[in-house]
Amino acid sequence: MIRGENISLKLGEKTILRDISLVVDPGEFVVLLGPNGAGKSTLLKVLALILKPTSGRVIHKYQGSDREEDIKRKIGFLSHRSFLYERLTAWENLEFYGKLYQVADLTRRAEEILEQVGLSYYCHDPVYTYSRGMVQRLSLARLLLHNPEMLFLDEPFTGLDQKGGEILTETIKVLHEQGKTMLMVTHYFDRGVDLAGRILVLNKGSKVFDGKLTSSDLRDIQEFYRAQVETE
Ligand SMILES: Nc1ncnc2c1ncn2[C@@H]1O[C@H](COP(=O)(O)OP(=O)(O)OP(=O)(O)O)[C@@H](O)[C@H]1O
Ligand SMILES: [Mg+2]
């Protein structure tokens with residue numbers, strides 16, 4: 001479970017997040033929506049313990065140890081930054097992260113995950129030769145390698161082609177079915193939003209909506225969302 005209590009974040013004079021409180025239960029799938037600059041990426045980083053809020057706090061509760069480094073090991077974070085080493089091959093990148101996260105049976109796991117994201121054929125090429133979409137696929141592989149319990153996905157569809165998008169949608173579905181807790185920022189209403197049990201809308205650093213999806217009709221959600229951000 002993640003509990004955010006009165007999270008505010010200021011950078012200089014600017015308030016990026018304003019007094020946000022929320023609880024995300026284990027296995028929940030929350031989609032974070034909001035216009036550019038609303039604070040979505042920042043909130044995701046705060047909840048994933050990458051950024052510290054100026055005031056308020058974030059508490060993660062899992063079975064077992066509650067040491068911050070053990071909790072961080074249960075987190076997978078996908079963002080615009082790939083966290084990959086350009087000069088290393090895909091295989092070497094996964095080896096590096098696998099050792100860092102002490103992944104069991106690493107060779108088999110790396111093979112399996114490269115196959116899953118469709119990169120087996122290119123896995124011995126250095127990452128600097130990869131296209132943007134291939135980098136995104138490899139980022140996904142890196143994210144999943146240590147089988148995190150909790151996934152933070154910041155616009156994961158960016159840069160993916162049709163096939164890449166389908167692989168990701170399917171992967172997200174499977175992860176959700178496996179009971180992973182998921183928080184995803186996206187601008188694509190037609191990808192994954194229907195899988196989410198709950199949407200959270202941010203605008204200008206504030207939470208303006210947090211609730212269950214009552215309709216599976218995406219057009220309703222889209223219209224509702226537009227109304228939320230336009231009334232501000
Ligand atoms: N390191 C930083 N220094 C200064 N301002 C920042 C920094 N990071 C974010 N901001 C500001 O915080 C606000 C929220 O940024 P954030 O990246 O969280 O928005 P977002 O909702 O993810 O937007 P987008 O949809 O464009 O990705 C923006 O006004 C941005 O300029
Ligand atoms: Mg963002």
Side-chain angles (χ1 to χ4, degrees), residues 2-24 28-58 60 72 75-84 132-133 135-140 142-143 148 150-161 164-165 168-169 171-172 175 181-196 198-211 213 218 221-232:
I2 318 173
R3 181 193 296 277
E5 290 176 354
N6 308 101
I7 298 165
S8 292
L9 194 135
K10 289 193 174 121
L11 285 172
E13 288 295 289
K14 216 165 150 193
T15 302
I16 315 284
L17 299 174
R18 285 170 213 272
D19 197 28
I20 295 178
S21 295
L22 79 168
V23 173
V24 180
E28 247 197 303
F29 186 165
V30 181
V31 161
L32 244 149
L33 302 168
N36 292 137
K40 305 178 298 294
S41 298
T42 309
L43 179 62
L44 216 59
K45 284 184 203 149
V46 170
L47 294 174
L49 309 175
I50 294 168
L51 271 180
K52 287 220 186 307
T54 317
S55 61
R57 58 181 186 159
V58 176
H60 281 246
K72 282 186 170 165
I75 291 174
F77 194 91
L78 186 72
S79 75
H80 313 284
R81 278 193 54 208
S82 70
F83 302 104
L84 297 167
R132 184 172 168 199
V135 169
Q136 187 73 345
R137 287 177 186 222
L138 183 57
S139 301
L140 181 65
R142 181 193 65 76
L143 168 91
M150 161 136 250
L151 294 150
F152 294 85
L153 309 171
D154 193 356
E155 299 188 38
F157 292 100
T158 306
L160 292 178
D161 63 11
L168 181 59
T169 307
T171 305
I172 286 172
L175 291 166
T181 309
M182 328 249 296
L183 266 98
M184 177 169 82
V185 175
T186 186
H187 293 287
Y188 296 98
F189 281 86
D190 53 344
R191 287 201 165 145
V193 175
D194 54 332
L195 295 174
R198 172 176 166 198
I199 59 169
L200 210 135
V201 182
L202 287 191
N203 197 18
K204 298 182 185 138
S206 297
K207 191 171 87 168
V208 294
F209 180 82
D210 181 356
L213 293 181
L218 286 176
I221 300 166
Q222 239 164 323
E223 267 163 33
F224 164 79
Y225 167 65
R226 224 172 272 133
Q228 287 293 321
V229 296
E230 278 170 10
T231 52
E232 285 294 299

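Both ligands and their constituent atoms are indexed starting at 1 by order of listing.
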> atom 11 (C) of ligand 1: which protein heavy atom is closest, and how many Å away?
Replying inline: Ile16 CD1, 3.5 Å
> Looking at ligand 1, does Pro35 have a heavy atom less than 4.0 Å from it?
Replying inline: yes
>> As a check for students: among Lys40, Lys204, His187, identify the option with a heavy atom nearest to atom 21 (O) of ligand 1.
In response: Lys40
> Which residues satisfy the side-chain hydrogen bond (donor to acceptor under 3.5 Å, both in side chains) test with Ser79, sequence neighbours excluded?
Replying inline: none
> Starting from atom 27 (O) of ligand 1, which protein heavy atom do you reach first, and at what distance in Å?
Replying inline: Glu155 OE2, 3.4 Å
>> How long is the straight-line distance from CZ of Arg18 back to NZ of Lys207, given to the nearest 0.5 Å?
In response: 15.5 Å
> When you measure from atom 17 (O) of ligand 1 to each heavy atom in Gly34, Ser41, Gly39, which option holds the nearest one?
Replying inline: Ser41
> Who gets closest to atom 16 (P) of ligand 1 by heavy atom: Thr42, Leu9, Val46?
Replying inline: Thr42
> When rounded to the nearest 0.5 angstrom, what distance separates CG in Leu78 from CD in Gln136?
Replying inline: 5.0 Å
> Nearest protein heavy atom to atom 8 (N) of ligand 1, by residue and atom, and its distance?
Replying inline: Leu11 CD1, 4.2 Å
> Is any side-chain heavy atom of Phe152 less than 4.5 Å from a side-chain heavy atom of Lys45?
Replying inline: no
> Under 2.8 Å from the Mg ion (ligand 2), which protein atoms of type N, O or S occur, listed by chain and number?
Replying inline: Ser41 OG
> Can you tell me how far CD1 of Ile16 sits from CG of Leu51, rounded to the nearest 0.5 angstrom?
Replying inline: 10.0 Å
> From Ile20 CD1 over to Leu202 CG, what is the distance, rounded to the nearest 0.5 angstrom?
Replying inline: 5.0 Å
>> Can you confirm whether Thr158 sits close enough to Arg132 that some side-chain heavy atom of one is under 4.5 Å from a side-chain heavy atom of the other?
In response: yes
> atom 24 (P) of ligand 1: which of Asn203, Val185, Leu32, Asn36 has the nearest heavy atom?
Replying inline: Asn36
> Considering only the protein, which heavy-atom contact is closest to atom 23 (O) of ligand 1, and what is its distance?
Replying inline: Gly37 N, 2.8 Å
> So is Lys45 in contact with ligand 1, going by heavy-atom distances below 4.0 Å?
Replying inline: no
> Could you state the interatomic distance from CD (Glu28) to CE (Met150), rounded to the nearest 0.5 Å?
Replying inline: 9.0 Å
> Below 3.5 angstrom, do we get any N/O pair linking Ala38 and ligand 1?
Replying inline: yes
> Under the side-chain contact (heavy atoms from CB on, under 4.5 Å) criterion, do Leu44 and Phe77 qualify, and how do the steps go?
Replying inline: CA-CA 9 Å; Leu44 216 59; Phe77 194 91; 4.1 Å; yes
>> Any salt bridge linking Arg198 with Asp210? Criterion: basic side-chain nitrogen under 4.0 Å from a carboxylate oxygen.
In response: yes
>> What protein heavy atom lies closest to atom 29 (O) of ligand 1? Include the residue and the distance to one decimal.
In response: Lys14 NZ, 3.2 Å
> Could you give the distance from CG (Leu153) to CG (Leu140), rounded to the nearest 0.5 Å?
Replying inline: 8.0 Å
